[in-house]
**Student:** 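Supplied in structure tokens, the structure appears directly below.
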Amino acid sequence: MPRTRILHISDTHLGKRQYGSDIRREDFAKAFEQAIEVAVERDVDAVIHTGDLFDDPVPSLPTVMRAADALKPLEEHGIPFYGIVGNHERKNDEQWLDLLRRTSAAARLGKEPTMVGEVALYGIDAVRPSVWDNIDLELEEPPAEAAWTILCMHELLTPLVHGMGRVYPASEVIDRAGIDLDGLALGDLHQPASSVVDGTDVWYASATERGGKDQEETGVVQLLDIDNSGIHRRQIELETRPFAVFEIAFGEDDGATHARDVLERHDLEGAVAKIELSGERAAVTANEVTQMAREAGAAVVSVDDNRGRVDLDVESIEAMSLQGLDGAIEEKLADEDFSTVALDVDQQVRKADELDTNVNRVADTFAESLRDAQREAFDDAGPEETPEGVESLEVDE
Ligand SMILES: [Mn+2]
């Protein structure tokens, strides 16, 4: 078969004003533009984007226009851009990707194959957790000329991801797809990861920019080189803004001088400075630290002031039987008229032992459930909606 090259990018989160910063919004746009440049320079046969093109279900007009502009070089070079819809940008009916599709800048992948050379590409948009068990994931058979098959999804799957809220086994996806899958190209995890599951190559592309201080391996894209011998993947790094993530611990007598000393030990020039203040409440404010970091050259500064936190008396809580504690909470909850979403959030917070390590992820999931519930209640739910009609709101086939 002829060689086919596909650039896999994901989680570009266009429009994200990280830490409330316009500079960061610009960084996210630039990372996407760089990824497109890579596609043009390497003259790939297609680009696949596995979701969260936009950070928000309602991106601003300038953000949408910037995305359309960024895609122009692909059009000029005849390189198709194929996408699926991620959980961040998902709307109930038409998607932003549909708008870009109308300008012929982009196309959506679906359960029917899209051929690039002899590679059959498929895509399934991010699935709402509430319909995961029942949704049809079965793909159409590939045509006879297809030598390889790749499915694009935006989900957190084991064994590549653990303990991050709702995760599903990759083996289940491969099984439910119902065809012989050679590759499962994934988005949603903001770091690269790969594995082989039941003979299928499974991998995450990573985000193109760093979405949080704990995402250390972002800013990369994956170049897929597909020939007779299989799907070969090469990671290409983008140039992204450096992060300086550190803590300033204050003792009782520490003040501005101490803060300055710690700041001096880090290279902040042009960086995103993500600083945690810990220890004693001292005679220097978070604002002053922000100012100092700016003076030291940081382009973007975000300070978490965690000084003077009172630790919970764990022993006295443990002394109360946990069973009794849960029982007491259930009793109180039963007295209140909470929505199912609220109760679901409560349940998950109380039973999640992974909360400590993945607060952001869990918060993300909650934000998503809340948004979904909000939309079901107020938005463009449409006439076909029934009380259990979540399925009717599901993405296009
Ligand atoms: Mn994402």
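All ligand and atom numbering here is 1-based and tracks the order in the structure. Just so you know, these numbers use all the heavy atoms, side chains as well, and skip hydrogens, waters and symmetry mates.
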**Student:** Quick one: how many protein N/O/S atoms are under 2.8 Å away from the Mn ion (ligand 1)?
**Tutor:**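 N, O or S atoms of the protein closer than 2.8 Å: 4.
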**Student:** Is it true that Arg176 and Glu172 have a side-chain N and a carboxylate O under 4.0 angstrom from each other?
**Tutor:**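 Salt bridge present between Arg176 and Glu172.
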**Student:** Are His190 and Ser206 close enough that a side-chain donor and a side-chain acceptor fall under 3.5 Å?
**Tutor:**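 Checked: His190/Ser206 side chains show no N/O donor-acceptor pair below 3.5 Å.
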**Student:** Are Asp305 and Arg281 ion-paired here, with the side-chain N under 4.0 Å from a carboxylate O?
**Tutor:**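 Counted as a salt bridge, because a side-chain N and a carboxylate O are separated by less than 4.0 Å.
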**Student:** Mind jotting down which residue pairs meet the side chain to side chain donor-acceptor pair (under 3.5 Å) criterion with at least one end in residues 28-47? Sequence neighbours excluded, please.
**Tutor:** Glu33-Arg66
**Student:** Would the distance check show the side chain of Arg24 and the main-chain N or O of Asp27 forming a donor-acceptor pair, the cut-off being under 3.5 Å?
**Tutor:** no
**Student:** Have Thr200 and Asp198 got a donor and an acceptor in their side chains that come within less than 3.5 Å?
**Tutor:**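 On atom types as modelled, these side chains do not qualify, holding no pair under 3.5 Å.
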